[in-house]
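A quick write-up on the structure given underneath.
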Amino acid sequence: MRKLGFGIIGCGAISHMHAGAVNALDSAELLACSDVSMKNLEEFSKQYGITPYKDVEKMLEDERIDIVSICTPSGLHKKFCVMCAEAKKHIVVEKPMALTPSDCDEIIEACRKNNVKMEVISQNRFKEAFIYVKKIVEEGYLGKIVCADIYMKFFRSPEYYASSNWKGTWKMDGGGALMNQGIHGIDILLFIMGKVKSVFGYARTLARDIEVEDTASAVVEFESGALGVIQGTTSVTPGYPRRLEINGDRGSIEIIDGDITVFDVEGLEKPDFGIVGSQAHKDPMAFEIDGHVRQINDLLKAIECDGSTSVDQYEGKKPVELIMAIYESSKTGRQVFLK
Ligand SMILES: NC(=O)c1ccc[n+]([C@@H]2O[C@H](COP(=O)([O-])OP(=O)(O)OC[C@H]3O[C@@H](n4cnc5c(N)ncnc54)[C@H](O)[C@@H]3O)[C@@H](O)[C@H]2O)c1
C-alpha cells in the first residue's frame, strides 16, 4: 500500500517531534515543509531530506501530500487549518487547535465541508495511566467523584518569553499559563471527568513581563456534580510536575505527570506502567516522542478505515472553550456557564 505523504508547516521546536514521529511510522512518509523563516526552512528540509516550500499554497498543491502537520505559532492555526481543509489535506494541528471557540467552529465547518480528518495534538491522552484512570472512573471504582483537581505549577524563564516573538502575546499565543502550557492538563481533566457546567476563575500576570496570564486559578463544577480546581502558572521556582487528583467517596487516585503515585482503590492492584514522567514542567521540549507517534498513528488508522480520530476537532475545541470561560470569568468577576 502507498505510504501517506506528510508536509509540515512551521519548522521550529515542535516540528522535530512531528518529523520524528512520521519517520517512526511505516505507513507514512515525510515529504515537504514550509516556513516563512528561510533559515528554519533550509535547515529543516536539509536535516530530513525533504522538499522546502517558501509558500504554503505551493506545498498544498503538491499531490504527493495527504496530511499536513501544523506547527506554527498558535495564532496561525485557524488560518492554516482552513487552508489545508480546503486543499483536501487531512490535518494534524498542534495544541491549542485555535485561539477561540468561534475559530474552532470555522475549522470544524471547513473539515466537514471538505471531508477531511483532524487530529489535535494532546499527546498525554495516549499515556496508559490516563486511559486506565478514565476507565476505572467510568466503571465506578472510585464511587461518586467529589473532587477532580489539576495543579500545573511550572517554570518558564523570562528568557523563554524574551527569546520568542510570539510566546506570551494575546494575538499569537492566545493566553499563557492556561492556553499554552496548562491546556494539556485541562484536556486530561475533561477527558476523565466529562463536561463542565460552570467556572469561576482568576487569571493574572504576576511575575513575567508578558501580555497574557502567567498564573491562574479556577474553580469548576462538572456536569456530574463534582467540584474541581485548575491551577496553572509558569512563574514558580523551581517548577513542579503536573499533579492530577481524582477523589471519590470510595477511592482516590493521584497522577504526577504520567505516573500514578496514589492508588487507593478497593479491589484493584496499583497498575505498573513503568516510569513515564517528564521534565516538561521546567523545559517545554523535555518530553518523549512516543505520544506524538501514537497520536499520528491514530490519524493514519482513522484514514485507513475511514473512522474518527481520538482527539478530533470537536475534542480539540473543549479545552479552548473552558480556558476562554476562565478568562471571561476573570475579566468580569462572574461565574461563567459553559454552553
Ligand atoms: N504538544 C506539545 O507539547 C507542544 C510543545 C511545544 C509547542 N507546541 C505547540 O506547537 C506550536 C509551535 O510551537 P514551537 O515552540 O515549535 O514554536 P517555534 O517558534 O519554535 O516555531 C514556530 C515556527 O513557525 C514558523 N512560522 C511562523 N509564521 C509562519 C507562517 N506564516 N508560515 C509558516 N511558518 C511560520 C516560524 O518561523 C517557526 O519556524 C504552538 O502552537 C505550540 O503551542 C506544542
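When a ligand or atom number is given, it counts from 1 through the structure's own listing order.
Those atoms of ligand 1 with a heavy atom of H184 less than 4.0 angstrom away are 1 (N), 2 (C), 3 (O). When each atom of ligand 1 is checked for a heavy atom of K167 under 4.0 Å away, the hits are 15 (O). Per-residue contacts place S37 under 4.0 angstrom from the following atoms of ligand 1 (heavy atoms of the residue considered): 37 (O). With ligand atoms numbered from 1 in the order given, ligand 1 contributes 16 (O), 20 (O), 21 (O), 23 (C), 39 (O) to contacts under 4.0 Å with heavy atoms of G12. Near Q123, the atoms of ligand 1 lying under 4.0 angstrom from a non-hydrogen atom of the residue are 1 (N), 2 (C), 3 (O). Of all atoms in ligand 1, listed by their number and element, those nearer than 4.0 Å to a heavy atom of P73 are 22 (C), 24 (O), 26 (N), 27 (C). Atom numbering of ligand 1 starts at 1 in the shown order; those under 4.0 Å from a heavy atom of H77 are 41 (O). Per-residue contacts place I121 under 4.0 angstrom from the following atoms of ligand 1 (heavy atoms of the residue considered): 1 (N).
Residue contacts with ligand 1: W166 is placed with a nitrogen or oxygen under 3.5 Å of a nitrogen or oxygen of the ligand (distance criterion only). At under 3.5 Å, a nitrogen or oxygen of S74, whether backbone or side chain, sits near a nitrogen or oxygen of ligand 1. Checked by distance only, ligand 1 and I9 stay at 3.5 Å or farther apart across all their nitrogen or oxygen atoms.
Between K78 and E106 there is a salt bridge, since at least one side-chain N of the basic residue sits less than 4.0 Å from a carboxylate O of the acidic one. Residues D257 and K127 are paired through a salt bridge, judged by an N-O separation under 4.0 Å between the basic side chain and the carboxylate.
Closest to atom 32 (N) of ligand 1 among all protein heavy atoms lies F80 CZ, 3.5 Å. In this structure, atom 39 (O) of ligand 1 lies nearest to the protein heavy atom D35 OD2, 2.6 Å. Ranking protein heavy atoms by distance to atom 29 (C) of ligand 1, first place goes to V36 CG2, 3.4 Å. Considering only non-hydrogen protein atoms, atom 10 (O) of ligand 1 sits nearest to I14 CG2, 3.2 Å. Scanning the protein for heavy atoms near atom 42 (C) of ligand 1, the closest one is K95 O, 3.7 Å. Nearest non-hydrogen protein atom to atom 44 (C) of ligand 1 is E94 OE1, 3.0 Å. When hydrogens are left out, the protein atom nearest atom 20 (O) of ligand 1 is A13 N, 3.0 Å; that is the closest non-hydrogen contact. The protein non-hydrogen atom at the shortest distance from atom 11 (C) of ligand 1 is T72 O, 3.3 Å.
With contacts defined as side-chain heavy-atom distances shorter than 4.5 Å, the pair R204/E213 does not qualify. You'll find the side chain of I246 reaches within 4.5 Å of the side chain of V137, heavy atoms only. Contact annotation: the side chain of I14 approaches that of M285 to within less than 4.5 Å [non-hydrogen atoms, C-beta and beyond]. H184 is listed as a side-chain neighbour of R242, based on a closest heavy-atom distance under 4.5 Å.
With hydrogens and angles ignored, the 3.5 Å screen pairs no side-chain donor or acceptor of N114 with any backbone N or O of V116. Within the 3.5 Å criterion, the main-chain N or O of V212 finds a donor-acceptor partner in the side chain of T205. With hydrogens and angles disregarded, a donor-acceptor distance shorter than 3.5 Å links the side chain of W170 to the backbone of E211.
Not a single heavy atom of M17 sits closer than 4.0 Å to an atom of ligand 1. For F44, the heavy-atom gap to ligand 1 stays at 4.0 angstrom or more.
In this comparison of V93, L99, L76, the heavy atom closest to atom 28 (N) of ligand 1 sits on L76.
Side-chain rings of Y48 and H16 approach one another, their centers coming within less than 6.0 Å.
Contacts with ligand 1 closer than 4.0 Å are made by no heavy atom of S15, backbone or side chain.
Put simply, CE on M17 and CD1 on I289 are 6.0 Å apart, with the number rounded to the nearest 0.5 Å.
Counted within 6.0 Å of CD on Q335, heavy atoms from surrounding residues, nucleotides or ligands total more than 12; the atom is thus considered enclosed.
Partner M118 forms a side-chain contact (heavy atoms from CB on, under 4.5 Å) with one of I108, V92, I107 and no other, that one being I107.
Stacking of K134 on the aromatic ring of F191 is recorded, both the 6.0 Å distance cut-off and the 45° axial limit being met.
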